[in-house]
Structures are given as structure tokens and as C-alpha cells.
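A short worksheet on the structure shown next.
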Protein chains: 2
Amino acid sequence: MQLSLSQRGNLPSLAAEFELSPAQCHVLHLIEPGRPVPMGEVAGALSCDASNVTGLVDRLEARGLVVRQPSPADRRVKVLTLTAAGRRIRTVLIERLTSPPDTLGRLSTQEQRLLVELLRRILE
Amino acid sequence: MQLSLSQRGNLPSLAAEFELSPAQCHVLHLIEPGRPVPMGEVAGALSCDASNVTGLVDRLEARGLVVRQPSPADRRVKVLTLTAAGRRIRTVLIERLTSPPDTLGRLSTQEQRLLVELLRRILE
DNA sequence: TATTGTTATACTCTATAACTATA
DNA sequence: TATAGTTATAGAGTATAACAATA
């Protein structure tokens, strides 16, 4: 809980540097290059209603970071792909998000590895 | 980062059970009974502008969960205190927030203790 | 002069309900 | 009949700027 609450301000301030919202960052993070993502999958991952995804993608598409394409398998579905600009931002975003906090230095290298391993096991 | 993003949906859905927003939950969590909190301190903890706190507290006060009181030390400052109803909700909220996720069972008791210890050291 | 909190404004996020196109 | 996405609507979060009261 403390970790979660302490991170509440981090994503918003990082997002602001790119003139994005936290939710928009989350969408960009979800779209791995080479794997088009159905909009419904985004709604599931963000735990939000499908109608929100419409607005989020509207704004990302207007900024030229994402494109909607009809799915060949099911014509009701639209899949999302990053543009070149979107991929660039996503890369920088992930670099920044994964850069460890200063306080990680309080742990030894071995303890850091252990922490990552334990978190990985309860998250997968 | 994964932990942070994976928790994105948790607080909103828990908050919804109490008909609160995530930000309102965060405010209630900040106000420990017996320690009145200046509104500016809330803005700092939430990493948001002071004007947002006005609106958040307006709604919490309208629901009878929080009260504003002028600070005796500095008459510009207003401090926040929980009402009896606010304390009840805060207690239940914290119980629910601190209940461990199902996947914690994947770790042994010793590993769980270790994880908590490591997180504690990088958060304090 | 600087700071605390408020107000006014604008934009984004969010859910609900009704709708269209497709399955 | 059910599902994916859109639209319309309403309420809440957020930042900026201007303001009042106080320091």
C-alpha cells in the first residue's frame, strides 16, 4: 500500500514532462511494437470502461502517436499500433520509468536482485 | 514499474465500493486521528496543486467525513480532522488496502517477511 | 512582499446509457 | 442475441491564473 501511494505522484509528473496524462502513458506502455492491441484489451488492462479508451485513443491519435486499424479477423475490432513518434516516446518513457529510485542504493546488489525476483513472482 | 501499473485498477475499484474516488481515499489515509493536517501538507503528499485540495475537501466535508478548522498558530492555515464517520471509513479502508494479494501465497513465510523488509528500507 | 487557501476556467479521466456495425 | 467500439452526458480530478486574508 505504501509503495502504491508513494508512487501516486511519480507517473503524473513524469507524464507531464511529455505533455501526456498518466492514462495515456499507460496506453503507450501497453502497445509493444510489433503486437497490435485490440482496444478492448486496453480497457481490460486499464480496468476502465471501453468508452474511455475511445477518448484516450482519440487524443493519442490526434497527436500522431497511435493509429487505429480494423482487425482482419473480426471487423468489429480495432487494433492499435504505435507510429514512429509513438515508439520514440514509449522508449524514453520506459527508460525513465524503469530507472531505479535513489533509495534503491540502500540495498546491496544481492538484495536488489532478490527484491526483483520476489516481486516478479507475485506479479506474474 | 510493473507493480505500480498493475495496481492502477486496485485503488479505483476499492474506492468505488465506498463511493469515494482514489484521491479522496488518499486524503482520508493521510489524516491520522489525533493529528490535524494542514491542507497544504495534503497538496504536497498528493503531488497536486493546492486548488485541487479545496475541491477534494469540499466533497469530503459535504459527506461529513472531514472538517476544516482554522489553525490557532497561523490563521491563514486550515487543518483537517476526521469525523467519527470519517474515522470508521478510514479504518475499513486501511484493513482492505493492507490485506495481501492472493499471489502473495506464492512466497514462503520467510520470503514474505524478507520482501516487506526490503520494501520498507527503500520506502522510509 | 510572500504565503495559504479559494474561486474561475479549461481540459482530461471516468462511468452509464443509448447507438451502430458486426458476429 | 451478443459483442466491439462510438457518442452523449455528467461528475470528478487536475493545472493555471487571479484573488482575499494573513504573515
Side-chain angles (χ1 to χ4, degrees), chain A residues 5 8-31 36-63 65-81, chain B residues 5 8-31 36-63 65-81:
Chain A
L5 291 182
R8 237 186 107 74
N10 275 2
L11 185 54
S13 62
L14 173 58
E17 291 182 37
F18 296 91
E19 296 187 322
L20 293 168
S21 70
Q24 288 173 333
C25 287
H26 201 164
V27 174
L28 291 182
H29 176 248
L30 284 174
I31 309 176
V37 180
M39 295 185 62
E41 187 176 323
V42 173
L46 268 64
S47 303
C48 74
D49 190 83
S51 60
N52 298 329
V53 179
T54 298
L56 286 169
V57 172
D58 281 349
R59 288 179 279 272
L60 288 171
E61 199 170 31
R63 286 186 50 181
L65 304 180
V66 160
V67 288
R68 283 173 168 98
Q69 286 169 324
S71 166
D74 184 337
R75 283 188 298 174
R76 294 173 302 179
V77 174
K78 293 179 186 171
V79 295
L80 304 177
T81 317
Chain B
L5 291 182
R8 240 185 105 73
N10 275 2
L11 185 54
S13 62
L14 173 57
E17 291 181 37
F18 296 90
E19 295 187 324
L20 292 168
S21 70
Q24 288 173 334
C25 287
H26 201 165
V27 174
L28 290 183
H29 177 248
L30 284 173
I31 310 175
V37 180
M39 295 185 60
E41 186 177 323
V42 173
L46 268 63
S47 303
C48 74
D49 190 83
S51 60
N52 298 327
V53 179
T54 299
L56 286 169
V57 172
D58 281 348
R59 287 179 278 273
L60 288 171
E61 199 170 31
R63 285 186 50 180
L65 305 180
V66 160
V67 289
R68 283 175 169 96
Q69 286 170 325
S71 166
D74 184 338
R75 282 189 297 174
R76 293 173 303 180
V77 173
K78 293 179 186 170
V79 295
L80 304 177
T81 317

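Note on naming: letters A, B, ... go to the chains in the order of the sequence lines (proteins, then strands), and numbering restarts at 1 for each one.
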Looking at Arg68(A), I'd like to know whether one of its side-chain N or O atoms comes within less than 4.0 Å of OP1 or OP2 on dT6(D). yes
Distance, rounded to the nearest Å, where Asp74(A) contributes CG and dG5(D) contributes P: 8 Å
How far does CZ of Arg59(A) sit from OG1 of Thr54(A), to the nearest 0.5 angstrom? 10.0 Å
Would you tell me if any nitrogen or oxygen in the side chain of Ser21(B) comes within less than 4.0 Å of OP1 or OP2 on dG13(D)? yes
Suppose we call a contact any N or O donor and acceptor under 3.5 Å apart; does that hold for the side chain of Arg76(A) and the base of dT3(D)? yes
Student check: side-chain heavy atoms of Leu46(B) and Asn52(B) closer than 4.5 Å: no
Let's see if you can work this out: which of dC13(C), dT6(C), dA23(D) has an atom nearest to the side-chain heavy atoms of Gln24(A)? dC13(C)
Using a cut-off of strictly less than 4.0 Å, decide whether Arg75(A) has a side-chain nitrogen or oxygen near OP1 or OP2 of dA21(C). no
To the nearest 0.5 Å, what is the distance between CG on Leu80(B) and CD on Gln69(B)? 9.0 Å
For Glu19(A), is the CD atom crowded, meaning more than 12 foreign heavy atoms sit under 6.0 Å from it? no
Using whole Å, report how far CD of Glu19(A) lies from P of dT12(C). 11 Å
I need the NZ-C1' distance between Lys78(B) and dA20(D), as an integer number of Å. 11 Å
The correct set of residues in residues 55-63 of chain B placing a heavy atom under 4.0 Å from DNA chain C is none
Got a second to check how far Glu41(A)'s CD is from Leu30(A)'s CG, nearest 0.5 Å? 7.5 Å
Write down the protein N/O and nucleotide N/O pairs, taken from nucleotides 15-19 of chain D, whose separation is under 3.5 Å; answer none if there are no such pairs.
residue	atom	partner	partner atom	Å
dA15(D)	OP2	Asp49(B)	N	2.6
dA15(D)	OP2	Asn52(B)	ND2	2.4
dA15(D)	N7	Asn52(B)	OD1	3.1
dT16(D)	O4	Ser51(B)	OG	2.8

Euclidean distance, atom CG of residue Leu11(B) to atom P of dG13(D) [Å, nearest integer]: 12 Å
Here the gap from Ser71(B) atom OG to Arg76(B) atom CZ, rounded to the nearest 0.5 Å, amounts to 10.0 Å
What integer distance in Å separates Leu20(B):CG from dA15(C):P? 15 Å
Separation of dA12(D) atom C1' from Leu46(B) atom CG, nearest Å, is 14 Å
In this structure, CG of Leu20(A) is separated from CG of Leu65(A) (nearest 0.5 Å) by 6.5 Å
Hey, does Val77(B) have a side-chain heavy atom less than 4.5 Å from the side chain of Met39(B)? no
Could you check if a side-chain atom of Arg68(A) sits within less than 4.5 angstrom of a side-chain atom of Leu60(A), using non-hydrogen atoms only? no
